Each structure stands twice: as structure tokens, then as C-alpha cells.
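One structure is given here, and the rest of the page talks about it.
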Amino acid sequence: RYQEINIFFIDTENFFNNLLSNDNSFQVKDSPWLGTYKDVNKISYFWYDQWHVSDSVHKKFADFILKEFSKEQIILKHNLM
């Protein structure tokens, strides 16, 4: 009657803080790209605007999620019937 559901929690705050501290591929970490259209090198910015991370950060986050999901994980299963 119910399909199996797996729920995964990912600590995005820790991921972003770690990326800000340890990833040197972002030359601009303290100001957003939005509004700096003269700077065509969006890849060097961590933030797109005051709330959203850039495409480069999204790509790194997606790669991290794929890596984590590919690991063997212990999943708690509940019988809903």
C-alpha cells in the first residue's frame, strides 16, 4: 500500500561553511555577483545575491550529494501498515 520512503538529512550550513573556509576556487566570498555585470567571471563568486549561492556552489553541492548517496548507508525502515 505504501512505497518505501528514504529520508536523508544533509547539513547544508556545515557544507557551505566548509566550502567557504577550505575551497580556494572562489575569489569573492563576501559579496554577491548580482549587480556586478561588468565582472563576467561568475564562477569566482560564492554568492549570486544576498540569499542564494552561485551556480558554481550548486554544482559542488550536487556533486557532494551524489557522492554521499553513493555510499552504503544505514536506513531506518518503518512498516506503515
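All figures in this text were calculated on a predicted structure; none of them were measured in a lab. Start at 1 with the first residue, then count along the sequence.
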Shortest non-hydrogen pair, Tyr45 vs Ser31, comes out as CD2-O, 3.5 Å

How would you list, by chain and number, every residue that makes a salt bridge (Lys or Arg N to Asp or Glu O under 4.0 Å) with Asp23, sequence neighbours excluded?
Lys60

To the nearest 0.5 Å, atom CH2 of Trp33 lies from atom CG of Asp55 at 9.0 Å

For Asn22, give me all partners under side-chain hydrogen bond (donor to acceptor under 3.5 Å, both in side chains), at least two apart in sequence or on another chain.
Asn18

Partners meeting ring-ring contact (aromatic ring centres under 6.0 Å, His included) with Phe61 (sequence neighbours left out)
Phe15, Phe16

side-chain hydrogen bond (donor to acceptor under 3.5 Å, both in side chains) involving Asp49 - partner list, sequence neighbours excluded
His52

Residues in side chain to side chain contact (heavy atoms under 4.5 Å, CB included) with Asp11, at least two apart?
Glu13, Asn14

State the CZ-OG distance between Phe26 and Ser56, to the nearest 0.5 angstrom.
5.5 Å

All salt bridge (Lys or Arg N to Asp or Glu O under 4.0 Å) counterparts of Lys59, not counting sequence neighbours:
Asp63

Within the 4.5 Å heavy-atom criterion, are Val53 and Trp47 side-chain neighbours or not?
yes

Quick one: does Val28's side chain get under 4.5 Å of Phe46's, heavy atoms only?
no

Taking all heavy atoms of Ile10 and all of Phe64, pick out the closest pair and write down the distance.
CG2-CE2, 3.9 Å

What pair of heavy atoms forms the shortest contact from Leu20 to Lys29, and how long is it?
O-NZ, 2.7 Å

